[in-house]
Every structure is written in structure tokens, then in C-alpha cells.
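Chain letters run A, B, ... following the sequence lines, proteins first, then strands; residues in each count from 1.
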Amino acid sequence: MAQLCKRSGTTGNSFSSPRSTWKRVFSFQGGILMDHKLLFAKVLHEQGELPFDIQTIKQLIETPKRIEMGDFAFPCFALAKHLRKSPAIIAQELQAKITDPIFDHLEAVGPYLNLFLNQEKVSQHIFKQIMEQGSDYGRNQNGKGGTVTIDLSAPNIAKPFSMGHLRSTVIGNAIANLADKNGYQPFRINYIGDWGTQFGKLIVAYRKWGNAESIQQNPITELLKLYIRFHEEAENNPRLEEEGRKAFKALEDGEPEAIQLWKQFRDESLKEFSRIYDLLGVHFDSFQGESFYNDKMDEVVEILQEKGLLVESQQAQVVKLDEEEMPPCLIRKSDGATLYATRDLASALYRKRTYHFVRSLYVVGNEQSLHFKQLKAVLKKAAYAWADEMEHISFGMMLKNGKKMSTRKGRIILLEEVLQEAIERTETIINEKNPNLSDKAQVAKQVGPGAVIFHDLKHHRTNDVEFSFEHMLNFDGETGPYLQYAYARCKSLLRKANFTPSSQVNGVTDEQAWPIVRLISDFPNVIRTAWNNYDPSKIARFALDLARSLNQFYAHVHILSDPDHQQERLHLIYSTAITLKESLRLLGLKAPEEM
RNA sequence: GUCCCAGUAGCUCAGCAGGAUAGAGCAACAGCCUUCUAAGCUGUCGGUCGAGGGUUCGAAUCCUUCCUGGGACGCCA
């Protein structure tokens, strides 16, 4: 039960307390709060003599909505039938029966038995734990070091990095961070969209209207112009489409001039992308995009053929998925060319062989959910059991005026422009509020993009988000800067007090401190839940709650002017700072020391 | 037409392995800087949880029908 924090080398045993019960019950696995919940369930089972086993009782225990109602509540409705008494009476009887020195007290309120923890003890325990574990606080080893490949970002070459790609990038990155925190080894793959008919179109457009100089200077913008113009002109001139397909065929056949152009477009795009990834603070372990699989697709087709899955249908090669109640998966076009699904099959095989993943995640918009269902189904039909390890982490679209953004129609917002705007806005605010700050430019680069990232991650990923400058660049309330500000406040206090943590510290008893302690105690649990649901917004919400509680404490309790309580309060600030910073890191935000 | 997702305060969203008076933020209004960073804090205003049925001691949460919005549904990715 104990011995779960291998990484930091700490276990429940390192905690010394006058009461042996402390040692016995704390596993640290789910955090101290979860331990107390279990303990409460045990006590109810043993002292309360309930007709349920401990697990059942534990499941019944809930957290009251309001903190005045205690830390845990046991609703007695379910017992009413068994004991043939009213829930309220049962609650009262239980309250009288149970006496455990670890708890502060119990209250029977109507049909509920409410438990209040010993705030002093719990906070003291947390201080000590965080002092020992530092930024490893909340980490677990559930993943046992297994590799998780994560397919994220995947922008298209020669197209600008739009707001739409932001979602996959930041959600994927946060999930990768969560994987690591839960004991897995994340492997970030940027499956660049660097192949396909659009390159043929681009090559045609470049030859017709392109200008080498302007492309050199402003590659993506100019390429986008060409791309848009191509589609505009193609509406009146269908011959262009044909030319585009031809040009792509030439590219596939290795025509030197086409290849040279493709390489140029690709290189320029990657350069531009890396500038954006720097601003976002995201890095990748692999950039193997679609073109990487060009020579790996024959094998896929062969395998499907050998296993008798490939059938001809309307001149195309498909895998039928009738039993799965899905439309067939297209493998080869009638002209023999391969498709998106073919490439994803090839990449799935490659990734399994190369990385031996225990899980393979695809952070891709929910409009592709059918595609990924088909992908898994085809692999299962081909008897690859590991298809079950693949998961499509879908997310909602970034909308503009309630509609999908479209590259072709030029209805698109460039991420880099938004990031730059966010940085400029931050600089303005710094000059207004903290003009003496050193490193203004550096801080602005952390805060501005942080606001953009956080705005995305605070929403549950499956929801669509309407693009809005107003909301994204607002720095008040539930925002990235709000979190960073709370952290900077903590650090400022710790600096001023010249703080160093100590194991001899007492717990805190301030009324405003308890919500903070409770939140911090719950962090390990939040980390597991966020990972299990692939849900970074859980961390975002947690961080907001923590920052809000911190700000409330800060507003009500003056720390540096009260030497009697300064040590424990500073430990509270210190513990909050570490937990906040770690939350920000998991989300992919920086935590400036001052702002 | 079939399937998937969503509909909670003026706006953006939490809450949804059923539980105690439905929570935040923004916006609006009113307060709080001679003491730790006001990117903050405190208060006021604001909700038939899309609609109707059902299950239950109890439903925003589960089931069902309908309405509305979005998406997907073979040679794009």
C-alpha cells in the first residue's frame, strides 16, 4: 500500500507522527484526502457496524458542496432500508458511536453524517510531504514507464498555422505532460501534413503566379495567397484541378523540379512552425509526417490482401466493415493511389514496431472520429490486438462566427498573429502596472501565449470553442495570467521573507487556509483523473480554484506582519507555489517569478 | 435519411459513476490600495438547468420522445 513514490524515494513511512494511525493509513497514492476517505469508510464499517463492506461505504462517501458542511459526508439514505430507520436517526446514532482521534469532529446534519478533518494535522502533513517531494508532488508510477505515443499538432505544410491547429497542439502537449506525471513515457509525434494533392495545386499556382523573392521573404503568407488564388480561379477553370493532380503525380514520380519545390515549401514551413512552437513552448520527439510513409504503404496493402480483407468495389480497393456497421474503409483509389487511411495504417504499424507503445493517442478533431473508428476496426480485422491500445482523443472545432474556418476561402486566423498580439498586450499591461519589472520582454513572452493556451485548455476538449479576441486576450478572472499572477505573489512573499522550508513547522489553522490545504491535498487525485479522462481542463479548473483560494487568503490574512504564525503561513504559500507551478507546467504554461 | 456531439445566468463555461439552498468568470452596478504586486479582494444584480414523459426516497445528472445548433457519412485530409 505504501511505497509508491519511487521517483522521489519517499514513502508513507517517512512521516513521523505521535499517532501511529497516521503512518498506517497513508499511502500517498491518491493524496491525503483519499486516504482520509478510506479511513472514514473503515471507521464507519468497524465502529458504525454497518451492513456494507468498506469499498461500498467508500463509494457512498461524498464531498459536501460547501466547506462549512465538512470535508466528507456519508449519506444515510441507502441504510434506511436495511436498518428500517430514518436516515436522520441513523446519522445521529453513527455520530454518537464513532470516536476516532484522527478526525476533528463529526456532525449529523439531517440525513448526512459530516466529517471534519483535523486541519492542523492535515496541513502539517502536506507541508512536510511537499517539502520532501518538491515538484514531484502528485506524481505516480501507474504507467510503469510504458511508452505512449501521442499524435498531435499535425499542421499542413504550405498552409499557415491557424487557430484550428492550436487545439491539437496544446491539448496534446498537456496530455503528454500528464502521461509523464502518471508514470508513462510520452513520445510526441508531429505528423506533418506534407503530402497530397494540395502540393500539386501549389506547384501549379507557383508556376503560374508565384514570385520567388516574395516567397523567400514571407513564405507561408505567399504560399497561402497562391493556395487561395488557385481555388478561386479553379471555380471558373476546372482544368486547373486536372493540372494540380498531374503536378502531384509528377511529384510522386520524382520529377526533380517538383521535388525541389516541394522541399523548399516544406523547409520554409517547418522553419515558420518552429517559431510558433517556441512561443508555445512545445517540442516534439518526431516530425515524421505523411511523406515519410510513402514507401511503407505497399506493405499495408499486401497485408490486407493476404488476410483476405481487401475487396474491389467500384474500381477501388476497400476493406468492408459491414459487421461493424460502418462504411467501408478506402485503401486504394480507382487510379491506384493510396489515401489518408492507408497512410494512417502504415504509420500505426510503424509506430507499434518502432516504439512498442502501450498506448497510442491521436489528438485530432472530432470530425475525424469515423476515420479513427475505421482505422481501429481494420487493424482488429487484421488481427492486431494492439488496435485496442489506440485511442482517438477528439476535440471540438475552433469556430469563427459559429462556422468552421476554411483555409481555401481564406477565412482563417493566424495563430502567430494572435500570439504576437497577446505579447504586445502583455507588454502594455506590464508598463502600466509594473513598470520597474526587469525582463519585461521575457515575461511578456510567457504571459501572452500563456493566456492563449489557457483559454483553450480551460474548456473541456470536446466542446467547440468560438474564437474571440476579446475572451482570449482578457487577462482578468479565469485566465492564464490570473494563475501566473497568483504564483508571482507567492514567490514575492517567499523572497521577502527569505524563506526556507523546515520539517519542524506547525500546521495552519486560519479559516481561509483550509480550502487551500484541501485543494493541494487533492492534487494527486486530480492528476490521475485528468489523465484517465485525457482531460487537461481538470487541471485548469483545479489551478483556478487553487489560485482563487490563494488570492482570498492573501486578501484576508497578512503574512509578513505576524511573526507568531509566519512560519506555517509561509509553508502554506510555499506549498501553493509548488502546486500551482506544477499545474501550470502540466498545462504547458510558464510560471514567471515576477510579473 | 442514418450516426455522433452539444443545449445550465445577458455572454463564456463548471457541475453529469443521482443526493443537502444549481456554481465560477466576463459584462453591469457598489465598495476596498499610508502594510506582503489592485493582472487582486468584497458585495449586489442575474437561472422554468432546451421541452414533454418516465425510473427513484431524491434527477441538471439515468432512460425515452420531440425541438434547436454543429459535425460525420467511398475515391480530400
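Minimum atom distance to the side chain of A/F77 is reached by B/C57, of the listed B/C75, B/A14, B/C57. When distances run from any side-chain atom of A/Q368 to the nucleotides B/A20, B/G74, B/A77, the shortest one goes to B/A77. Of all nucleotides listed (B/C36, B/A77, B/A24), B/A24 comes nearest to the side chain of A/E478. Of the candidates B/C73, B/A39, B/G71, the closest approach to any side-chain atom of A/M397 belongs to B/G71. Among the nucleotides B/A39, B/A38, B/C76, the one closest to any side-chain atom of A/L339 is B/C76. Distances were taken from every side-chain heavy atom of A/I559 (C-beta onward) to each of B/A77, B/C36, B/C73; the shortest belongs to B/C36. Comparing B/C11, B/A72, B/C41 against the side chain of A/Y482 picks out B/C41 as the nearest. For A/H460, the side-chain atoms get nearest to B/A14 when compared with the rest of B/G40, B/A14, B/A39. Picking from B/A72, B/A20, B/A39 the nucleotide with the shortest atom distance to the side chain of A/M69 gives B/A20.
A close approach under 4.0 Å does not occur between any side-chain nitrogen or oxygen of A/Y487 and OP1 or OP2 of B/A39. In this structure, A/K433 reaches the B/A39 phosphate: one of its side-chain N or O atoms is under 4.0 Å from OP1 or OP2. At the phosphate of B/C76, OP1 or OP2 sits under 4.0 Å from a side-chain N or O atom of A/K333. Taking only side-chain nitrogens and oxygens, A/N474 never comes nearer than 4.0 Å to OP1 or OP2 of B/A27.
Both distances falling under 3.5 Å, in either a Watson-Crick or a G-U wobble arrangement, occur for no nucleotide opposite B/A14. Nucleotide B/A60 has no partner under the Watson-Crick or G-U criteria, as no pair reaches both atom distances under 3.5 Å. Figure legend. B/A51 is base-paired to B/U65; pairs are counted as Watson-Crick or G-U wobble with both atom distances under 3.5 Å. The partner of B/A72 is B/U2, judged by Watson-Crick or G-U wobble contacts that both fall below 3.5 Å. Nucleotide B/A38 forms no Watson-Crick or G-U wobble pair with any nucleotide shown, as no partner meets the under 3.5 Å limit on both distances. The partner of B/C29 is B/G43, by the rule that a Watson-Crick or G-U pair needs both atom distances under 3.5 Å. The base-pairing partner of B/A22, taking Watson-Crick or G-U wobble contacts with both distances under 3.5 Å, does not exist among the strands shown.
Among the protein residues, A/K458 comes within range of no part of the nucleic acid, since none of its heavy atoms lies under 4.0 Å from any strand. Heavy atoms of A/Q314 sit under 4.0 angstrom from at least one base atom. Residue A/A73 is in base contact, counting any heavy-atom pair closer than 4.0 Å across all strands shown. Residue A/Y340 is classed as a base contact, given a heavy-atom separation below 4.0 Å to a base. At a threshold of 4.0 angstrom between heavy atoms, the contacts of A/L330 include nucleobase atoms, whether or not backbone atoms are also involved. Note on A/V557: a base of the nucleic acid sits closer than 4.0 angstrom, heavy atoms only. Using a 4.0 Å heavy-atom distance criterion, A/Q59 is classed as making no nucleic acid contact. At the heavy-atom level, A/P111 lies nowhere under 4.0 Å from the strands shown. Within 4.0 Å (heavy atoms only), A/N366 reaches no atom of the nucleic acid at all.
Both thresholds, 5.5 Å between centres and 30° between ring planes, are met by A/H558 relative to the base of B/C36, so the two rings are stacked.
Residues from residues 538-556 of chain A with heavy atoms under 4.0 angstrom of RNA chain B, sorted by number: A/K538, A/R541, A/R548, A/N551, A/Q552, A/Y554, A/A555, A/H556.
No side-chain donor-acceptor contact under 3.5 Å links A/Y362 and A/Q368. A donor-acceptor contact closer than 3.5 angstrom links the side chains of A/E568 and A/H565. For A/H371 and A/D344, the side-chain atoms include at least one donor-acceptor pair closer than 3.5 Å. Under 3.5 Å, the side chains of A/T428 and A/N431 contain no donor-acceptor pair of N or O atoms.
A/H231 is listed as a side-chain neighbour of A/K201, based on a closest heavy-atom distance under 4.5 Å. The shortest side-chain heavy-atom distance between A/E290 and A/I192 does not fall under the 4.5 Å cut-off.
Between the P atoms of B/G18 and B/C57, the separation comes to 15 Å (whole Å). Taking atom P on both B/A51 and B/U61, the two are 10 Å apart, rounded to the nearest angstrom. Separation of the C1' atoms belonging to B/C62 and B/C75 is 42 Å when rounded to the nearest angstrom. For B/G1 and B/C11, the C1' atoms lie 36 Å apart once the distance is rounded to whole Å.
Atoms CE and CZ, on A/M34 and A/R528 in that order, are 7.5 Å from each other to the nearest 0.5 Å. Here the CD1 atom belonging to A/I90 is positioned 4.5 Å from the CG atom belonging to A/L83, to the nearest 0.5 angstrom.
Position along RNA chain B of the nearest nucleotide to A/N463 versus A/D476 favours A/N463 as the more 5'-ward residue.
Annotation: cation-pi pair A/R351/A/Y191 present, NZ/CZ under 6.0 Å from the ring centroid and within 45° of its normal.
On a pure distance criterion of 3.5 Å, a polar donor-acceptor pair joins the side chain of A/S313 and the base of B/G74. A donor N or O paired with an acceptor N or O is not found under 3.5 Å between the base of B/A38 and the side-chain atoms of A/N434.
Remark: the backbone N or O of A/D535 is not paired with any side-chain donor or acceptor of A/R461 at under 3.5 angstrom.
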